[in-house]
Amino acid sequence: MSPLMPRKRTVLAAAVVGLSAAGAVIGHARADEPQPKRVTGVSFALETMRTGNQIGAAEAYALALSAAGSAIPAKGTFGPADPAVQQATQQAVLVAGSQGANVSKVTDSGDSGIAQTQNAVQPLAAINGPANQVIETTANAMNTAADALGPQIQPLNTTVKQGAQLIREVEAPAGG
């Protein structure tokens, strides 16, 4: 063992302890602030961006657009309602796609921009109840499909169940 190895471990341990203490102080300071109403889906994403643990606004925006674009149903999927569904879906993706400048503002302004966004979306907390029902219905359908098709799609059935659990994490209490 190198003579520097214990020193490196000591420095690493000190850094971990220091960062943990700083996180506790910052977390306590934020806990004292009045918290905005939680909005299903949106609050989870904003909190993730605010803490910087996983992704930033630009990456989340790109990922959301990619997912939304790939979710456009194939023509003919909805029978007689197909033209209306196609048009509505494409309009939603176009509107979302035009928000790049706003995402840049949020990214540039950092924490204060995310806090402003959280405050701006608070009125959407009124639809948490119905949004949560859609999430629960979707998650339950995923679990049912994973159970029914389990032997045929293993190990994908585990991934489907984990996906159902993950989407439930974005729920927020009714009314915020």
Side-chain angles (χ1 to χ4, degrees), residues 23 27 30-31 35-104 106-107 113-176:
R30 280 210 177 126
Q35 298 299 312
K37 288 184 178 181
R38 295 188 49 74
V39 177
T40 295
V42 178
S43 294
F44 180 84
L46 290 173
E47 288 163 0
T48 300
M49 286 184 268
R50 184 176 219 175
T51 61
N53 287 338
Q54 299 294 321
I55 58 176
E59 289 85 359
Y61 178 66
L63 182 61
L65 283 182
S66 175
S70 65
I72 295 176
K75 288 186 178 184
T77 303
F78 294 97
D82 194 62
V85 171
Q86 288 290 326
Q87 184 177 8
T89 305
Q90 289 173 0
Q91 285 293 73
V93 171
L94 286 174
V95 168
S98 68
Q99 300 304 310
N102 292 332
V103 172
S104 292
V106 169
T107 301
I114 292 172
Q116 289 172 1
T117 304
Q118 282 178 315
N119 289 330
V121 299
Q122 284 188 73
L124 295 175
I127 62 169
N128 283 354
N132 290 344
Q133 288 176 342
V134 169
I135 289 170
E136 283 299 317
T137 301
T138 303
N140 289 340
M142 291 171 69
N143 282 332
T144 300
D147 289 339
L149 300 172
Q152 291 86 7
I153 63 171
Q154 284 182 354
L156 182 61
N157 61 332
T158 302
T159 304
V160 171
K161 286 186 173 220
Q162 289 169 340
Q165 181 179 352
L166 180 65
I167 65 170
R168 282 187 170 110
E169 289 181 15
V170 303
E171 292 181 1

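Start at 1 with the first residue, then count along the sequence.
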(message) Less than 3.5 Å apart, any donor N or O on the side chain of N119 or Q116 sitting next to an acceptor on the other?
(response) no

Let me have the donor-acceptor pairs involving side chains of residues 154-166, under 3.5 Å, with sequence neighbours excluded, atom names and distances please.
residue : atom : partner : partner atom : Å
K161    : NZ   : D147    : OD1          : 2.5

Test of understanding: with side-chain contact (heavy atoms from CB on, under 4.5 Å), list the residues that count as partners of [X], not counting sequence neighbours.
{"X": "V170", "value": "F44, I135"}
{"X": "V42", "value": "V39, L46, V121"}
{"X": "Q133", "value": "none"}

Which residue pairs pass the salt bridge (charged side-chain N to carboxylate O under 4.0 Å, His left out) test when at least one of the two sits in [range], sequence neighbours left out?
{"range": "residues 148-160", "result": "none"}
{"range": "residues 89-98", "result": "none"}
{"range": "residues 123-146", "result": "E136-R168"}

Starting at [atom1] of [X], measure out to [atom2] of [Y] and round the result to the nearest 0.5 Å.
{"X": "L124", "Y": "T40", "atom1": "CG", "atom2": "OG1", "answer": "10.0 Å"}
{"X": "N143", "Y": "T138", "atom1": "CG", "atom2": "OG1", "answer": "11.0 Å"}
{"X": "Q122", "Y": "S43", "atom1": "CD", "atom2": "OG", "answer": "8.5 Å"}

(message) Just so I know, are the side chains of E47 and Q118 near enough to count as touching, which here means a heavy-atom distance under 4.5 Å?
(response) yes

(message) Any non-hydrogen side-chain atom of K37 less than 4.5 Å from a side-chain atom of N128?
(response) no

(request) Could you tell me which non-hydrogen atom of A148 sits nearest to which non-hydrogen atom of P151, and how far apart they are? (result) O-CD, 4.3 Å

